[in-house]
S.K.: 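Before anything else, here's the structure in question.
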Amino acid sequence: APAPPTAKPPIAIKVATPEQARQAAYTPAQEQAASAALAARLAAMKTLSTSFTQTTQSRGAPDKVLTGTLQARKPGQFRWEVKQPFSQLIVADGTSVFIYDPDLQQLLVRPLGEAWGETPALLFTGDASQLAEQFRVRDSQRGAMTTYHLTPRAKDSLFTELNLSFKGDLPHAMTLLDAGNQRTEVAFFKPQRNITLRDEQFSFTPPAGTDIIRE
Amino acid sequence: CANRAPLVVAPEVIEASPSARGLTHWQAEGKAGVTFLNSSITATFSWQRQGNNFDASAAGPLNQGYTTLSGRNGRLTIDNGWIGHHESNQPDILTEAITGVPLPVDLLNAWLSGWPENPLTTIRTLAGEQGVRQFTEQGWQVRVLSEQVQDGYRVPLRLLLTQGRNRILLVIQRWRLTAAS
């Protein structure tokens, strides 16, 4: 996959706008419509292949920037590979999630839960009809950019808000906010939708000598 | 890869390099594989020693579960978006209460440099595949599996901490001296 440009990813400025005021007065019907619109977009995306830059802003600490690639294919398969400044690989084959760390020489294998709250990549491969069960959804429009604001219904979710932006039909960015106000922004570069992806992308065999921990 | 400090692993160079034991101001960054209560996580971590104090952070993929720890004169403070803000003068009791793992984080200033905190602790030298050295403090067995040279000092590359069924594997990817403030 082409190396992403080194330009600093777009960073949204948090300023209360009329748009956010409108968000606060969202009716159940509007939420249902936003959820259905997002579900339709996700359902129409059988596969996704993209590079990404992940930028994490934490209080009092310099931004942490990672780069990598994501391939996703319904149902329940994805490959999330961090390449810089370190390596880490997360592969879901539809049944299990394989979290492989070459530096630790360790592989964690756990069942692929339904909880999208733990594995946001599942948004692109999960059953879109379950979206409303797991999230309250609101949407906002800014020019060609549609952003869906997802609030997990589960109280023990690892993040308090997930924003997913689309430019036309293609995912543009995903932002996660946790209860400690840590903000992680994933910007997608040159995303490709509904292209054929090879089966080998979604299976993983660890090198000899790897510590395998099954849960 | 480009951002990772050059790894010097030639045995003779490691042997000839000064040990990091007793150094009081440095910073380490790396990976952690933690297994506890039948659950496992991998995380990236950073640890900065300042005399007897420290500042540390850890997070999982997508920065999930981002947690900061700071030690000031024996008092531990933990902040995490999910479990909130906690403080205690008994670090291992606090870490056990929060994670179920009684990790004496105040000893990590010494362990992360590859040596025991107490100078009287017995150290067993290992050989070959077994590793470099091993010691036990506060019920935790600490084994230095391999070493490297970074910033001119001999520091651990892979470190295994075990206590009962609790297991923490640490890989230090970047280590550097920092100025005493």
Side-chain angles (χ1 to χ4, degrees), chain A residues 52 54-68 80-90 97 99-110 117-121 155-160 162 174-186 211-215, chain B residues 1-5 7 27 29-46 48 55-70 78-86 129 145-146 148 157-160 162 165-174:
Chain A
F52 67 79
Q54 176 184 310
T55 304
T56 299
Q57 297 167 344
S58 309
R59 255 186 337 275
D63 287 4
K64 279 191 287 188
V65 182
L66 312 180
T67 58
W80 176 278
E81 191 161 357
V82 174
K83 300 189 174 187
Q84 289 280 343
F86 55 76
S87 313
Q88 189 171 59
L89 177 63
I90 304 177
V97 181
I99 302 170
Y100 173 63
D101 193 300
D103 296 310
L104 294 170
Q105 294 164 15
Q106 177 177 283
L107 171 67
L108 304 183
V109 185
R110 55 174 67 130
E118 283 174 30
T119 321
K155 288 292 167 264
D156 60 355
S157 177
L158 287 173
F159 52 86
T160 54
L162 184 155
M174 179 166 70
T175 305
L176 296 101
L177 209 64
D178 79 9
N181 265 329
Q182 309 306 320
R183 183 186 179 84
T184 298
E185 178 138 354
V186 179
D211 265 349
I212 300 176
I213 300 169
R214 294 185 185 279
E215 282 176 13
Chain B
C1 67
N3 294 47
R4 195 176 296 168
L7 219 52
Q27 175 160 3
E29 290 170 21
K31 297 265 193 84
V34 184
T35 302
F36 63 104
L37 300 178
N38 297 324
S39 162
S40 299
I41 56 169
T42 65
T44 55
F45 77 89
S46 76
Q48 177 156 7
D55 284 309
S57 67
L62 272 175
N63 196 54
Q64 287 164 303
Y66 178 76
T67 302
T68 60
L69 304 94
S70 73
I78 295 182
D79 274 291
N80 167 289
W82 202 17
I83 54 168
H85 176 92
H86 296 274
E129 289 286 315
L145 298 174
S146 54
Q148 60 185 325
L157 170 59
R158 294 169 68 80
L159 203 59
L160 182 60
T162 50
R165 298 181 64 195
N166 299 317
R167 178 184 189 273
I168 301 173
L169 175 65
L170 299 168
V171 171
I172 294 177
Q173 295 179 300
R174 278 175 298 284

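Note on naming: letters A, B, ... go to the chains in the order of the sequence lines (proteins, then strands), and numbering restarts at 1 for each one. This structure is a prediction, so every number in the text was calculated from the model and none was measured.
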S.K.: Can you tell me how far the CZ atom of B/Arg158 sits from the CG atom of A/Asp103, to the nearest 0.5 Å?
M.R.: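 CG of A/Asp103 is found 8.5 Å from CZ of B/Arg158.
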
S.K.: Who among A/Thr56, A/Asp178, A/Val186 has the most heavy-atom pairs with chain B under 4.5 Å?
M.R.: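 Maximum pair count with chain B is reached by A/Thr56.
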
S.K.: Below 4.5 Å from any heavy atom of chain A, which atoms of B/Ser46 appear? Answer side chain, backbone, both or neither.
M.R.: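 Neither the backbone nor the side chain of B/Ser46 comes within 4.5 Å of chain A.
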
S.K.: Between A/Leu108, A/Thr160, A/Ile99, which has the largest tally of heavy atom pairs under 4.5 Å with chain B?
M.R.: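 Highest number of pairs under 4.5 Å: A/Leu108.
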
S.K.: So, for A/Ser87 and B/Lys31, which heavy atoms are closest and what is the spacing to 0.1 Å?
M.R.: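 So the minimum-distance heavy-atom pair works out to O-NZ, 2.8 Å.
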
S.K.: Can you tell me how far OG1 of B/Thr44 sits from CD of A/Gln88, rounded to the nearest 0.5 angstrom?
M.R.: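 That separation rounds to 8.0 Å.
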
S.K.: Select one option (side chain, backbone, both, neither) describing which atoms of A/Val82 are under 4.5 Å from chain B's heavy atoms.
M.R.: neither

S.K.: Classify the side-chain pair B/Thr42/A/Gln106 by whether it contains a donor and acceptor separated by less than 3.5 Å.
M.R.: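 The answer is no; no qualifying pair exists.
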
S.K.: So, taking the atom named CG in B/Asp79 and the one named CD in A/Gln182, what distance separates them when rounded to the nearest 0.5 Å?
M.R.: 9.5 Å

S.K.: What part of B/Ser40 gets within 4.5 angstrom of chain A, counting heavy atoms only: side chain, backbone, both, or neither?
M.R.: both

S.K.: Please round to the nearest 0.5 Å and tell me the distance separating atom CD of A/Glu215 and atom OG1 of B/Thr35.
M.R.: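 With rounding to 0.5 Å, CD (A/Glu215) is 8.0 Å from OG1 (B/Thr35).
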
